[in-house]
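Proteins come first, then strands; the chains are lettered A, B, ... in the order of their sequence lines, and each starts at number 1.
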Amino acid sequence: MQFELKHTATGTKARAGLITTDHGNIETPIFMPVGTAGSVKGIHARDLKEDIKAQIILGNTYHLYLRPGLSIIEQAGGLHRFNGWNGPILTDSGGYQVFSLGDIRKLSEAGAKFQSHIDGSSHLFTPESVMDVQRIIGADIMMAFDECTPGDAEFEYARKSMEMTQRWLDRCMNQFEKTVPKYGHSQSLFPIVQGAVYPALREIAARNVLQYNSDGYAIGGLSVGESEKDMYAMIEVVNEILPENKPRYLMGVGTPVNILEGIERGIDMFDCVMPTRNGRNGMLFTKKGIMNMRNKKWADDFSPVDPDGTSFVDHHYNRAFLRHLVISGEMLGAQIASQHNLAFYLWLVKEARKQILANTFTGWKAEMVQQLCVRL
RNA sequence: GGGGAGAUACCAAAGUGGCCAACUGGGGCAGACUGUAACUCUGCUGGCGUACGCCUUCGUAGGUUCGAAUCCUGCUCUCCCCA
């Protein structure tokens with residue numbers, strides 16, 4: 001994987017770049033749809049590529065390891081062959097599950113012992129094993145195994161947590177160096193910067209990851225309970241230190257506004273479940289604001305789902321029908337909403353890139369942020 | 001014609017003298033969701049008020065009682081069984 005910085009918009013840290021992988025190119029800034037179990041929920045690979053114009057999607061080490069299991073994925077020839085998506089794939093390491101499955105896991109220096117959320121069985125994830133699993137999955141971009149520190153962590157906890165993530169990173173790197181890709185395409189490993197909401201910790205963590213000269217760097221442990229103000233402040237601290245010539249990935253973020261704020265602060269890559277999960281729950285993000293499709297006001301609105309939308313669903317279906325589907329619990333409603341939201345997110349980052357290249361990002365972004373928060 | 005059962009809020013359905021403006025489910029209305037244990041979760045759902053509260057409700061008209069959705073009587077309607 002390689003990264004080429006194309007342009008930094010004047011008067012801002014917002015950047016446009018190009019990532020090249022063995023499965024295709026990625027124009028940054030980019031949003032990466034989340035496909036935890038190997039599929040972006042409700043979305044066909046064809047629509048992902050042709051309609052939504054996704055350039056890279058996520059998978060999750062923890063989920064794929066539990067089900068279908070490594071043997072099946074290996075037999076398939078890796079996740080790309082298994083799920084029919086032949087574009088770039090990034091896998092999260094399970095670090096987020098260390099956070100979200102807090103009740104059913106135990107952390108130690110060795111790693112994280114999980115109880116499967118599926119059948120309760122016990123599994124130990126170590127930095128080494130997580131590298132091996134991601135080799136088998138065959139992600140173009142693998143993530144280091146980290147502890148995603150909760151946003152409200154005390155300083156001492158955050159410090160210890162960050163330090164363990166650093167030691168785990170060292171082990172990840174060693175294992176990564178000791179192993180090779182299984183399917184003929186190259187794989188990169190991104191370290192993750194932790195440190196909760198403490199600038200001093202974030203600084204240490206950001207400087208620490210530089211020693212590995214990785215293909216890219218991630219910022220984790222944000223949008224996990226801290227304030228947006230803190231989140232933006234941490235991005236600024238870290239991006240001050242991360243190298244210019246490598247992509248920066250802000251993990252798990254976020255709302256359309258979060259993404260624009262992140263781009264403005266020099267982030268290149270984003271992922272978030274929000275467009276799909278909120279879509280399944282009836283919420284639409286649009287250029288003009290947020291729509292809750294369950295609201296009665298759409299019941300007799302027969303205009304297109306989103307007249308400004310870039311997806312075919314935006315023009316093929318009307319709002320009243322979409323509301324009917326959502327209210328009725330019809331799965332097509334969840335699909336339409338997810339497809340719209342993803343297409344919107346991809347439009348948003350593509351447009352941001354255009355504005356960066358034209359040096360008009362700042363004004364455009366300010367205007368968009370106003371619009372995006374409106375409740376329609 | 002004879003016998004029996006029942007009528008509770010938008011629907012279904014608990015409650016069978018005070019803790020009942022009334023359990024619960026559905027429906028309705030709104031909110032949440034950020035590296036997915038999530039097509040999930042939360043709140044409201046008689047009227048007015050932010051709220052303590054006040055007012056009007058359990059087919060209908062009366063009655064008993066300090067007090068009734070709950071007990072008694074008349075009426076109206078519904079369902080079931082037998083002829």
Side-chain angles (χ1 to χ4, degrees), chain A residues 31-43 56-64 66-67 89-105 114-121 130 134 139 141-151 165 190-194 218-228 231 249-259 261-262 267 269-285 290-299 323 325-338 341 345 375:
Chain A
F31 177 80
M32 309 181 281
V34 178
T36 304
S39 90
V40 178
K41 293 187 194 300
I43 306 294
I56 171 172
I57 65 170
L58 256 66
N60 188 289
T61 301
Y62 167 83
H63 296 261
L64 292 167
L66 286 182
R67 199 166 54 187
I89 294 176
L90 179 152
T91 41
D92 185 32
S93 60
Y96 186 74
Q97 280 62 48
V98 172
F99 162 75
S100 68
L101 301 180
D103 297 338
I104 51 173
R105 58 85 173 138
F114 290 104
Q115 250 181 290
S116 160
H117 69 279
I118 299 164
D119 63 8
S121 55
V130 165
Q134 292 184 92
I141 299 174
M142 306 171 24
M143 297 306 299
F145 191 51
D146 65 332
E147 180 186 0
C148 178
T149 316
T165 289
F190 283 19
I192 302 170
V193 173
Q194 289 290 342
I219 306 176
L222 292 178
S223 67
V224 284
E226 80 289 357
S227 71
E228 292 199 332
M231 170 165 76
Y249 165 27
L250 178 58
M251 305 184 78
V253 175
T255 66
V257 170
N258 291 159
I259 287 174
E261 297 291 350
I267 299 292
M269 305 164 71
F270 302 86
D271 79 282
C272 192
V273 303
M274 205 169 254
T276 41
R277 179 187 290 166
N278 289 31
R280 286 197 303 284
N281 294 329
M283 182 174 185
L284 259 52
F285 297 97
I290 292 164
M291 301 163 75
N292 182 347
M293 292 316 294
R294 292 195 317 245
N295 288 173
K296 196 178 188 116
K297 61 184 138 196
W298 311 117
R323 173 176 196 271
L325 294 176
V326 168
I327 291 284
S328 307
E330 286 288 329
M331 57 184 169
L332 183 59
Q335 288 181 285
I336 292 171
S338 296
N341 280 344
Y345 267 61
R375 300 201 73 105

Specify the separation, in whole Å, of atom [atom1] of [X] and atom [atom2] of [N].
X	N	atom1	atom2	answer
A:I43	B:rU36	CD1	P	17 Å
A:M293	B:rC39	CE	P	19 Å
A:I219	B:rG35	CD1	C1'	13 Å
A:L64	B:rU36	CG	P	11 Å
A:R323	B:rA30	CZ	P	7 Å
A:D92	B:rU36	CG	C1'	11 Å
A:K296	B:rU45	NZ	P	18 Å
A:D103	B:rA38	CG	C1'	15 Å

Checking all strands, does [X] fall into the base, sugar-phosphate, or nothing category for heavy-atom contacts under 4.0 angstrom?
X	answer
A:T276	base
A:L250	nothing
A:E226	nothing
A:I327	sugar-phosphate
A:M331	nothing
A:G279	nothing

Decide yes or no, distance alone: a donor-acceptor N/O pair under 3.5 angstrom between the base of B:rU36 and the side-chain of A:S100. no

Base of B:rG35 paired with side chain of A:N60 (donor-acceptor, under 3.5 Å): no

Could I get a table of every N or O pair under 3.5 Å where one atom is in the protein and the other is in nucleotides 40-43 of chain B?
residue: B:rU40; atom: N3; partner: A:N281; partner atom: OD1; Å: 3.4
residue: B:rU40; atom: O4; partner: A:N281; partner atom: OD1; Å: 3.2

Which nucleotide, in any strand shown, forms a Watson-Crick or G-U wobble pair with [N], with both distances under 3.5 Å?
N	result
B:rA5	B:rU78
B:rC48	B:rG53
B:rC29	B:rG43
B:rC71	B:rG63
B:rA12	B:rU24
B:rG35	none

State which of [options] makes the closest approach to the side chain of [X].
X	options	result
A:E228	B:rA37, B:rU36, B:rU34	B:rU34
A:S223	B:rU34, B:rA37, B:rG35	B:rU34
A:Y96	B:rG35, B:rA37, B:rA30	B:rG35
A:N278	B:rC29, B:rC33, B:rG35	B:rC33

Which residue, A:A334 or A:N295, contacts RNA chain B at a nucleotide closer to its 5' end, judged by nearest heavy atom?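 On the 5' side of the pair lies A:N295.
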
Ignoring backbone atoms, test whether A:R67 places a side-chain nitrogen or oxygen under 4.0 Å from the OP1 or OP2 oxygen of B:rA37. no

Please determine whether a side-chain nitrogen or oxygen atom of A:Q97 lies at a distance below 4.0 Å from atom OP1 or OP2 of B:rG35. no

A:C148: what forms a side-chain contact (heavy atoms from CB on, under 4.5 Å) with it, not counting sequence neighbours?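 With sequence neighbours excluded, A:C148 shows a side-chain contact (heavy atoms from CB on, under 4.5 Å) to A:Y96, A:F99, A:Q194, A:V224, given in chain and number order.
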
Any residue meeting side-chain contact (heavy atoms from CB on, under 4.5 Å) with A:R67, in chain and number order, not counting sequence neighbours: A:I118

Any non-hydrogen side-chain atom of [X] less than 4.5 Å from a side-chain atom of [Y]?
X	Y	value
A:L90	A:Y249	yes
A:I327	A:R294	yes
A:I267	A:V253	no

Which side-chain N or O atoms in residues 276-284 of chain A pair as donor and acceptor under 3.5 Å with protein atoms at least two apart or in another chain?
residue: A:T276; atom: OG1; partner: A:V273; partner atom: O; Å: 3.0
residue: A:N281; atom: ND2; partner: A:R277; partner atom: O; Å: 3.4

Between the side chain of A:T36 and the main-chain N/O of A:G59, is any donor-acceptor distance below 3.5 Å?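 Not confirmed, A:T36 side chain does not pair with A:G59 backbone.
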
Going by salt bridge (charged side-chain N to carboxylate O under 4.0 Å, His left out), name the residues that satisfy it together with A:E261, two or more places apart in sequence or in a different chain. A:R265, A:K365

Taking atom P in both B:rU76 and B:rG31, compute the distance separating them and give it to the nearest angstrom.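 About 50 Å, rounded to a whole number of Å.
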
Could I get the full list of ring pair (Phe, Tyr, Trp, His ring centres under 6.0 Å) partners for A:Y62, not counting sequence neighbours?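 Result, ring pair (Phe, Tyr, Trp, His ring centres under 6.0 Å) vs A:Y62: A:F114, A:H117.
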
